[in-house]
Asker: 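If you scroll down you'll find the structure; I have some questions about it.
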2 protein chains.
Amino acid sequence: MVTIGDVAKAAGVSRSTVSYALSGKRPISPEVRDKIDSVIRSLNFTPNAGARALATSQTHVIALLAQFYADEFAPAMMQYILGVTDRARDLGYDTLLVTEPDGVAALRRISNSRMVDGFVLLNVAEHDSRLEVLRKAGQPGALVGLPGDPRGLDVFDLDFEATGALMVDHLHSLGHREIILVSQPQHVVERGGAYVWRLADAARARAEELGIRLHAHHSASSQPEVGTDLARLLETHPDATGLLLNNEAAAAALPSVLSARSLRVPEDLSVIGRYSDDFARTFSLPYSSVDSAAAELGRRAVEQLVAHIQGEADARVVELTPPKILDRGSTAAPPA
Amino acid sequence: MVTIGDVAKAAGVSRSTVSYALSGKRPISPEVRDKIDSVIRSLNFTPNAGARALATSQTHVIALLAQFYADEFAPAMMQYILGVTDRARDLGYDTLLVTEPDGVAALRRISNSRMVDGFVLLNVAEHDSRLEVLRKAGQPGALVGLPGDPRGLDVFDLDFEATGALMVDHLHSLGHREIILVSQPQHVVERGGAYVWRLADAARARAEELGIRLHAHHSASSQPEVGTDLARLLETHPDATGLLLNNEAAAAALPSVLSARSLRVPEDLSVIGRYSDDFARTFSLPYSSVDSAAAELGRRAVEQLVAHIQGEADARVVELTPPKILDRGSTAAPPA
DNA sequence: CTGAAAGCGCTTACAG
DNA sequence: CTGAAAGCGCTTACAG
């Protein structure tokens, strides 16, 4: 392995001079700098990351803690992850992807061993046991997902309350007066998936305000149950003219359910989902939707985290992204 | 930060004794060991990873190089990644997820800086420019995806040739004599996606052997083009009774194409796909398929890589997983 | 503008 | 069974 000592020797200077040439932290004469640069290139020298971390207490690595539940929609996670890793690299950081089931233990282990300069947590729950560990950790943290108590941490999430209200507003303004909301399964709520009830509660409140009927239900998040659930809901509420989906699997299952019942969108039924644009494109979902902005949330979390690591962040921040409807033509006035 | 020196002082022993107690590399008297253990717990000591890496030249981190193409099926990647990260952790390794577009530069940078003990490469192409860099790197590497020249590297992939033959065999044995194969887009092949032609060539060869007609086509991998492509193929080959899919997006788009044409599976058309079981479940794809075994391939790659890192691997290995059809009842005898 | 030296927190021969 | 010391490859005050 080629070390800074090898470079120094070959360039005929001291190790500290090479180090300063690398970091630019003090002036180097042009000749010396050129000599060092050429030696570095010819020897193909790259500083040893471990040694540098030991000397500076900076690893230039962030940890990304992702939790996967067997019953949740794994592919959606990819967009968050890419947002994080891509932005991190742009800012000069590599990303340690941590997927072990015991997030608390992982956080402790990685924090204590000083492998990283900071943490990004995905899939944050209402009462997330990782947060108290994170608050005591020596490194800053940013969350994707709004917990009950965000104190001391940077938080990024879609504004699910505004999303619920917006969906209802949209259908109401088209003339709908009875609509169905399909949420994630009950057990997602029980696990602390606050976005489920945040959207549902806001939708319910807005519906009441506007004087329209909203039937809020949970459905399964995998086949074949989700298909059955959807069919049953349509049957139970034959007068509903609008459908709101806060459940990716339900969105994926809907086309076949509707075609089996010969229901056309938007002629017979207006539909709005809440999922990522990428998801919609991949699975050819023809429904207008509120974009979950996964990659963007991941990017923002990293930016804020890095600002904190580098001491440039003034204060802690809770940033809720306003919902936007991507119009795919799946809503219209209700059938006469 | 609490260091090994703090532990030593509190336990009244030398730093080396604490280190040996940690590693178990030499005998420690029971009393001393107990004392050290209790101090470690009370001080919540974890060795500094950078310092340890510097001293041992072992980071206990592996790099996972994943390439994402805008036109490819990103969600499918998740299963490979989880297979890698989960198995790595079981074996005592953390995973650096590297997604930057220039894989060659990333590999060089990470290898030279000694951040990791080894590499797993995903999405390996027929002529993959990362491979020559990897062969010269100081760390071992394992590939998911069979390149043209696998020398010096461990390779894990689905046996796509056997897959092509198996799919054709299966339909032939049910009585089909004219079938369509839908592959990934042409540009995936051009990028070096050898699995596309490996499956197609083997399917073609087997079809010829058996004396049945095989229409092999590429189709788009996103909507709405893929839907149009499928509809056109069915139109062009009205006598085909079987459909083979080596294109996830086509599989996802097929249900609505078929329902628009009132074609029933398997009564009117037999269908076999090639994708992960997870993908099938999430998107309620009702077609029998050859499982792409993503997580398993990721796991095997890590196991072999770690064996090499730890000097336990005898030789380099090319492991092609035999295809298995998951029967979802989408194939039957052709219509009379 | 440059160099010699201390120090980061570990591990591991060497010595007893 | 245990300790004192060297060394891993960097960075950065300190000194000139």
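Just so it is clear: chains get the letters A, B, ... in the order the sequence lines come, proteins before strands, and each one is counted from 1. Excluded from the calculations below are hydrogen atoms, water molecules and symmetry mates; all remaining heavy atoms, backbone and side chain alike, are included.
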Asker: Do B:Ser16 and B:Ser19 have side-chain atoms, one donor and one acceptor, less than 3.5 Å apart?
Answerer: no
Asker: Between D:dC10 atom P and A:Ile36 atom CD1, what is the distance in whole Å?
Answerer: 14 Å
Asker: With DNA chain D as reference, determine whether B:Leu54 or B:Thr17 sits nearer its 5' end, using the nearest nucleotide of each.
Answerer: B:Thr17
Asker: Strictly by modelled atom types, are B:His308 and B:Asp154 linked by a side-chain donor-acceptor pair under 3.5 Å?
Answerer: yes
Asker: Rounded off to whole Å, could you give me the CE-to-C1' distance for the A:Met1 and D:dC10 pair?
Answerer: 10 Å
Asker: Picking from D:dT11, D:dC1, C:dC10, which would you name as closest to the side chain of B:Pro27?
Answerer: D:dC1
Asker: Rounded to whole angstrom units, what separation is found between the CG atom of A:Asn112 and the P atom of C:dC10?
Answerer: 11 Å
Asker: For D:dT11, does either OP1 or OP2 sit under 4.0 Å from a side-chain N or O belonging to A:Lys25?
Answerer: no
Asker: Out of C:dC10, D:dC10, C:dT11, which nucleotide sits closest to the side chain of A:Pro47?
Answerer: D:dC10
Asker: Considering heavy-atom distances to DNA chain D, does B:Tyr20 or A:Gly50 have its closest nucleotide positioned more toward the 5' end?
Answerer: B:Tyr20
Asker: Would you compute the distance between atom CZ of A:Arg52 and atom CG of B:Leu54 and round it to the nearest 0.5 angstrom?
Answerer: 13.5 Å
Asker: Report which part of the nucleic acid B:Ser19 touches: base, sugar-phosphate, or nothing (heavy-atom distance under 4.0 Å, all strands).
Answerer: base
Asker: Distance check: side-chain N/O of A:Arg15 vs OP1/OP2 of D:dG9, anything under 4.0 Å?
Answerer: no
Asker: If you take atom types as modelled and just measure distance, does the side chain of B:Ser16 reach the base of D:dA4 with a donor-acceptor pair under 3.5 Å?
Answerer: yes
Asker: Is there a donor and acceptor pair, one atom on the side chain of B:Arg26 and one on the base of D:dG3, closer than 3.5 Å?
Answerer: yes
Asker: If we call it a pair only when both distances are under 3.5 Å in a Watson-Crick or G-U wobble match, what pairs with C:dC1?
Answerer: D:dG16
Asker: Of the options C:dT12, D:dC10, C:dG3, whose atoms approach the side-chain atoms of A:Phe45 most closely?
Answerer: D:dC10
Asker: What is the distance from CZ of A:Arg52 to C1' of D:dG9, rounded to the nearest Å?
Answerer: 11 Å
Asker: Are B:Arg89 and B:Asp94 within salt-bridge range, i.e. N to O under 4.0 Å?
Answerer: yes
Asker: To the side chain of A:Asn48, which of D:dG9, D:dT12, C:dC10 is closest?
Answerer: D:dG9
Asker: Rounded to whole angstroms, how far apart are CE on B:Met115 and P on D:dC8?
Answerer: 22 Å
Asker: Counting side-chain heavy atoms from C-beta on, which of D:dT2, C:dT2, D:dC10 comes nearest to A:Val32?
Answerer: C:dT2
Asker: Is A:Thr56 near enough to D:dC10 that one of its side-chain N or O atoms lies under 4.0 angstrom from OP1 or OP2?
Answerer: no
Asker: Between CZ of B:Arg15 and CG of B:Asp6, what distance do you get to the nearest 0.5 Å?
Answerer: 10.5 Å
Asker: Taking CZ from B:Arg114 and P from D:dC10, how many angstroms apart are they, rounded to a whole number?
Answerer: 11 Å
Asker: Measure NZ/A:Lys35 against C1'/C:dC1 and give the value in whole Å, please.
Answerer: 19 Å
Asker: Rounded to whole angstroms, how far apart are CD on A:Gln58 and C1' on D:dG9?
Answerer: 18 Å
Asker: Can a side chain N or O of B:Ser14 be found less than 4.0 Å away from OP1 or OP2 on D:dG3?
Answerer: yes
Asker: Nearest of D:dC10, D:dT2, C:dC10 to any side-chain atom of B:Ser29?
Answerer: D:dT2
Asker: For B:Arg108, does the CZ atom have more than 12 heavy-atom neighbours from other residues, nucleotides or ligands under 6.0 Å away?
Answerer: no
Asker: Would you indicate which nucleotide in D:dT2, D:dG9, D:dC8 comes nearest to any side-chain atom of B:Ala55?
Answerer: D:dC8
